[in-house]
Amino acid sequence: IKSMFGLNHLPFANSAVSYILTTNYLLLLCSFFCATSLSSLVGKFVHNKLPRLADLLGTVVYLAVFAAAVSFCVLRSVKGRWMDMLLLKQLLEEKKKMLPGLLLALLLGAGGVWALAAGEGFPHYNRYYTPGEYLKEVEQAMAENLPFSRQLSELAVQLKMAGGAKEFDGIFVGDDILIEDIGQPNQRQTEQNIQTLTQFSQSSRIPTYFMLLPTKCAIKQNELPTGVPLFNQKQFIEQTYNHLLGKATVVDVYPALFAKFEEDLYYKTSPSLTALGGYSVYEVLAQRLDNTPKPQEDFDIQYVTHNYYGPTYRRSTYQEISPDVIALYRYQKNNRTYTVTHNEGYSYSYDSLYPQQMMQLGEPTQVLLGGNTGDITIRSNLRNKNTLLIVGDDSILPVLPFLAAHYSEIRFLDPAQMTQQQLEQFDCTGYQRILISYSVDSFIHGSSAQKLRFLQTAQSSELVKVSPAQQEER
């Protein structure tokens with residue numbers, strides 16, 4: 001604090017600057033904490049009658065605490081001569097570098113008031129908060145409403161980029177692409193997922209297939225800085241598949257995707273597969289399921305938007321990325337028709353794999369099957385009776401429109417969105433095959449795969465035998 005006000009015979013820009021900023025930041029947080037706590041207490045009595053009084057009190061108390069803290073720091077440095085104005089005048093004349101400190105204090109104070117006034121109200125403290133939780137809420141409110149925060153953030157990113165930085169908050173910046181680093185696995189969670197998967201495959205009376213989808217950072221390694229310590233997804237996939245030898249049929253799509261690493265298999269601003277990426281996975285998966293993949297020429301391509309920014313972009317501090325293009329692949333041969341049913345509390349259906357009305361909700365990716373609601377049925381007018389049950393996360397959704405060309409019914413279940421009771425009551429015996437599909441990211445960090453133990457597949461006394469020749473429509 002002395003350094004900030006130039007009272008320790010050191011220049012303002014010295015090694016204590018980071019300490020100064022930290023000290024003032026904590027001072028602001030403490031001030032806000034006191035103000036909003038008082039506001040909440042008084043608000044219990046007066047807020048109903050005078051709704052603005054509590055908010056005004058919070059602002060007044062904040063300003064008073066902040067002014068008192070700054071005054072205390074300044075006056076105490078005058079060695080206890082509180083009323084000696086001559087000494088203070090002399091000090092101001094000799095210590096002209098005190099001005100930057102005062103400006104900084106005023107800037108922080110003004111920023112706090114601006115953030116308080118610009119927001120929808122400061123977080124109110126209640127007895128269910130822990131101090132850490134409340135301070136996190138305060139910090140988030142400050143970050144969202146601090147004046148010029150976006151411009152300052154962009155400036156900081158540009159300076160870091162000029163210095164050679166390519167990674168910001170776990171997101172790598174490539175050549176017009178943002179790539180998420182999935183980090184290291186939760187070892188305990190991963191082992192439990194593999195154990196559950198192994199037990200399910202052993203006990204299942206229905207032929208079971210398992211697929212792990214690699215993420216963007218595993219396939220787009222050419223876009224990453226050299227020597228980045230990434231989690232080895234290829235090795236993990238191989239090791240996981242080894243656990244399932246003789247128990248389930250594995251589907252390894254890593255080599256096929258990596259061979260096309262220069263193509264647009266993933267969105268630039270989202271971790272999801274594009275339609276082209278979904279087709280690349282489908283080519284491998286269809287063959288493992290004893291189907292002949294449809295050639296890409298059999299699909300008509302429709303572009304629904306050229307201006308899509310996904311969740312990675314919204315989370316990234318680096319914004320100099322061009323928007324994504326969302327394309328849809330439609331299989332138009334043999335007069336194929338589809339019905340997509342979402343089996344929620346009340347079911348509803350679309351007569352298309354791509355309900356265009358979802359575009360009006362502001363999220364173009366919801367056009368794919370109408371979004372992920374956790375339980376989706378796709379029915380077609382195929383004359384065969386081939387059925388497939390898919391259990392996993394939403395990373396498989398871009399593949400389903402291609403698989404639908406081979407089945408009269410596909411059922412997709414996302415255990416993360418279903419309760420234990422719902423899974424236990426689900427009848428798997430009506431399906432000829434089960435595909436379990438997860439992205440590597442969700443499999444090594446999430447626990448939804450452990451819900452597989454609730455699915456009942458052993459009640460079936462016999463399985464419907466389907467020859468490869470019957471897999472294709474006549």
Side-chain angles (χ1 to χ4, degrees), residues 204-211 249 251 278-279 281-282 285-294 298-299 328-355 368-415 417-418 422-437 452 455-457 459-474:
S204 175
R205 296 283 303 274
I206 303 174
T208 302
Y209 298 75
F210 179 63
M211 179 171 66
T249 303
V251 184
Y279 180 81
V281 172
Y282 154 76
L285 177 59
Q287 295 182 62
R288 295 296 282 171
L289 293 171
D290 300 323
N291 296 309
T292 301
K294 305 293 183 185
D298 288 355
F299 295 87
L328 309 176
Y329 281 45
R330 297 179 181 272
Y331 184 69
Q332 298 291 356
K333 289 196 171 184
N334 302 323
N335 297 318
R336 195 63 47 82
T337 60
Y338 302 97
T339 301
V340 178
T341 302
H342 291 257
N343 310 292
E344 296 185 273
Y346 62 94
S347 63
Y348 55 94
S349 300
Y350 303 107
D351 58 358
S352 170
L353 294 172
Y354 307 110
L368 176 61
L369 305 177
N372 177 23
T373 55
D375 187 354
I376 304 173
T377 303
I378 304 174
R379 295 184 178 89
S380 71
N381 61 343
L382 271 174
R383 286 178 289 177
N384 67 32
K385 298 300 180 183
N386 297 336
T387 58
L388 175 66
L389 173 62
I390 300 178
V391 183
D393 61 15
D394 58 1
S395 62
I396 189 66
L397 292 185
V399 186
L400 299 191
F402 302 103
L403 286 177
H406 302 275
Y407 294 91
S408 59
E409 180 178 326
I410 295 177
R411 187 73 172 262
F412 168 74
L413 302 179
D414 186 349
Q417 301 192 45
M418 302 183 70
Q422 289 174 322
L423 292 171
E424 289 175 340
Q425 294 176 351
F426 185 81
D427 182 15
C428 299
T429 59
Y431 297 90
Q432 297 162 344
R433 306 187 185 199
I434 298 178
L435 168 66
I436 302 170
S437 176
L452 286 170
L455 283 174
Q456 305 297 324
T457 64
Q459 294 91 340
S460 178
S461 58
E462 61 179 359
L463 300 177
V464 180
K465 302 297 183 180
V466 182
S467 65
Q470 293 175 317
Q471 296 291 335
E472 299 298 316
E473 70 276 16
R474 297 173 186 175

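For clarity, every value in this text was computed on a predicted model and none was experimentally measured.
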For side-chain contact (heavy atoms from CB on, under 4.5 Å), just list the numbers for S352 and V340, CA-CA rounded to whole Å, side-chain angles, deciding distance to a tenth of an Å, and then say yes or no. CA-CA 7 Å; S352 170; V340 178; over 6 Å; no

How close do P415 and G392 get, heavy atom to heavy atom, and via which atoms? CD-O, 3.5 Å

N291 (side chain) donor-acceptor with P293 (main chain) under 3.5 angstrom: no

Non-hydrogen atoms of S408 and N384 that approach each other most closely: CB-O, 3.2 Å

Calculate, to the nearest 0.5 Å, the distance between atoms OG1 and CG belonging to T373 and D414 respectively. 9.0 Å

Decide side-chain contact (heavy atoms from CB on, under 4.5 Å) for Q422 and D375; before the verdict, give the C-alpha distance in whole Å, the side-chain angles of both, and the deciding distance to 0.1 Å. CA-CA 10 Å; Q422 289 174 322; D375 187 354; over 6 Å; no

For a quick test of reading the model, state the closest non-hydrogen atom pair linking T387 to G430 and the distance between them. OG1-O, 3.5 Å

Is it true that the side chains of R433 and Y209 contain a donor and an acceptor less than 3.5 Å apart? yes

Approximate separation, where rounding is to 0.5 Å, of Q425 CD and D427 CG: 11.5 Å

Please list all pairs passing the ring pair (Phe, Tyr, Trp, His ring centres under 6.0 Å) test where one or both residues lie in residues 384-404, with sequence neighbours left out. Y279-F402, Y282-F402, F299-F402, Y329-F402

Donor-acceptor check, side chain of Q456 to backbone of E424, threshold 3.5 angstrom: yes or no? no

Could you tell me the separation between the CZ atom of R288 and the CG atom of D290, rounded to the nearest 0.5 Å? 9.0 Å

For I206, does its backbone N or O pair with a side-chain atom of T208 as donor and acceptor, under 3.5 Å? yes

Give a yes or no answer on whether the side chain of H342 reaches the backbone of Y350 with a donor-acceptor pair at less than 3.5 Å. no

Mind checking whether N372 and Q417 have side chains closer than 4.5 Å, heavy atoms only? yes

Criterion side chain to side chain contact (heavy atoms under 4.5 Å, CB included) against L397, the qualifying member of D393, V399, L400: L400

For the atom pair CG (N386) and CD1 (I410), what is the distance rounded to the nearest 0.5 Å? 10.0 Å

Output the distance between atom CZ (R411) and atom CG (L389), rounded to the nearest 0.5 Å. 8.0 Å

Heavy-atom side-chain contact between L368 and Y354 under 4.5 Å: yes

Please walk me through it: do L403 and I390 pass side-chain contact (heavy atoms from CB on, under 4.5 Å)? CA-CA 11 Å; L403 286 177; I390 300 178; 4.1 Å; yes

For a side-chain contact (heavy atoms from CB on, under 4.5 Å) check, start with the C-alpha distance between M211 and V281, then their side-chain angles and the critical distance, and finish with the verdict. CA-CA 10 Å; M211 179 171 66; V281 172; 3.9 Å; yes

Just by distance, do the side chain of S380 and the backbone of Y338 share a donor-acceptor pair under 3.5 Å? no

If I take atom OH from residue Y407 and atom CD1 from residue I378, how far apart are they, to the nearest 0.5 angstrom? 12.0 Å

Quick test of your reading of the model: are R336 and D298 salt-bridged, counting only N-O distances below 4.0 Å? no

Residue pair I376 / G371: nearest heavy atoms and the distance that separates them: CD1-O, 3.4 Å

What heavy-atom pair brings S204 and T457 nearest, and what distance separates the two atoms? CA-OG1, 3.1 Å

